[in-house]
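Worksheet: the structure to be examined is printed underneath.
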Amino acid sequence: MVRIFFWLVKWQFSLLVFFFGVLSLSAQDLEPRAYANVPKDLNVIAAGYVFINGNVLTDPSLPIKDFTLQSHNMAVNYIRTFGLANKLARIQVGLPFTFMDGSAVVSDQLVTGSRTGFADMKVRFGIIC
């Protein structure tokens, strides 16, 4: 009887440690002011534009030379702050759109390409403790 009791306690303790380990996940974001302390019940719409032009470095063993890329990137973000369990929480949704043109010499032949379209949508949820 005592063995069964200790086995149950050990099993329940292991289960608790597992669930608390899973539930205490944390993450790091390198974007500055991503979780700035802002007022509750705030709605923000932001737009951004980035232009990139330059050479792309490749592995020298590949048959690719003179790889250049030009990219126009636009993004629209929506941010909503709210209260959750007496803490400040926020949800952010970002939708980027990209125009890209590039060229490279592959096996002594000029190859060009162009891509236009939506990139991956980004959804971020956070709580400031």
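Because only heavy atoms are used, hydrogens play no part in the values below, and waters and symmetry mates are left out as well, while side chains stay in.
- Between Phe97 and Phe118, the ring-plane angle classifies as perpendicular under the 30° and 60° cut-offs.
- Transitive grouping of hydrophobic side chains (ILVMFWY, heavy atoms separated by less than 4.5 Å) brings Leu42 and Ile79 into a common cluster.
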Checklist entry - Could you go step by step and tell me if Phe51 and Gln70 meet the side-chain contact (heavy atoms from CB on, under 4.5 Å) rule? => result CA-CA 8 Å; Phe51 173 72; Gln70 187 178 62; 3.6 Å; yes

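- Under a hydrophobic clustering in which Ile, Leu, Val, Met, Phe, Trp and Tyr are joined whenever their side-chain heavy atoms come within less than 4.5 Å, directly or via other members, Leu57 and Ile64 fall into different clusters.
- Closest of all the heavy-atom pairs between Ala119 and Thr98 is CB-OG1, 4.4 Å.
- In plain terms, the two heavy atoms of Val50 and Ile52 that are nearest each other are CG1-CG1, 4.0 Å.
- The number of heavy-atom neighbours closer than 6.0 Å to CG of Asp59, taken from other residues, nucleotides and ligands shown, is above 12.
- Between Arg124 atom CZ and Asn77 atom CG the span is 8.5 Å, to the nearest 0.5 Å.
- Thr68 and Asn55 get closest at one heavy-atom pair: CG2-OD1, 3.0 Å.
- Linking ILVMFWY residues whenever their side-chain heavy atoms come closer than 4.5 Å, directly or via other members, leaves Val76 and Met121 in distinct clusters.
- Rounding to the nearest 0.5 angstrom, the gap separating the CZ atom in Arg80 from the NZ atom in Lys40 is 9.5 Å.
- Cluster annotation: Ile127 and Phe82 are assigned to the same hydrophobic cluster (Ile/Leu/Val/Met/Phe/Trp/Tyr, side-chain heavy-atom contacts under 4.5 Å, transitive).
- Closest approach of Thr81 to Pro39, counting heavy atoms only: OG1-O, 2.7 Å.
- Interatomic distance, OG1 of Thr58 versus NZ of Lys65, reported as 10.5 Å (0.5 Å rounding).
- Here the rule is side chain to side chain contact (heavy atoms under 4.5 Å, CB included) with Tyr78, and of Ile91, Asn43, Leu95, Val44 only Asn43 fits it.
- In this structure, CG on Leu62 lies 11.0 Å from CZ on Phe67, to the nearest 0.5 angstrom.
- Val93 and Ile45 fall into different hydrophobic clusters, where Ile, Leu, Val, Met, Phe, Trp and Tyr are joined by side-chain heavy atoms under 4.5 Å apart, directly or via other members.
- Between atom NE2 of residue His72 and atom CG of residue Asn53 there is a gap of 8.0 Å, rounded to the nearest 0.5 Å.
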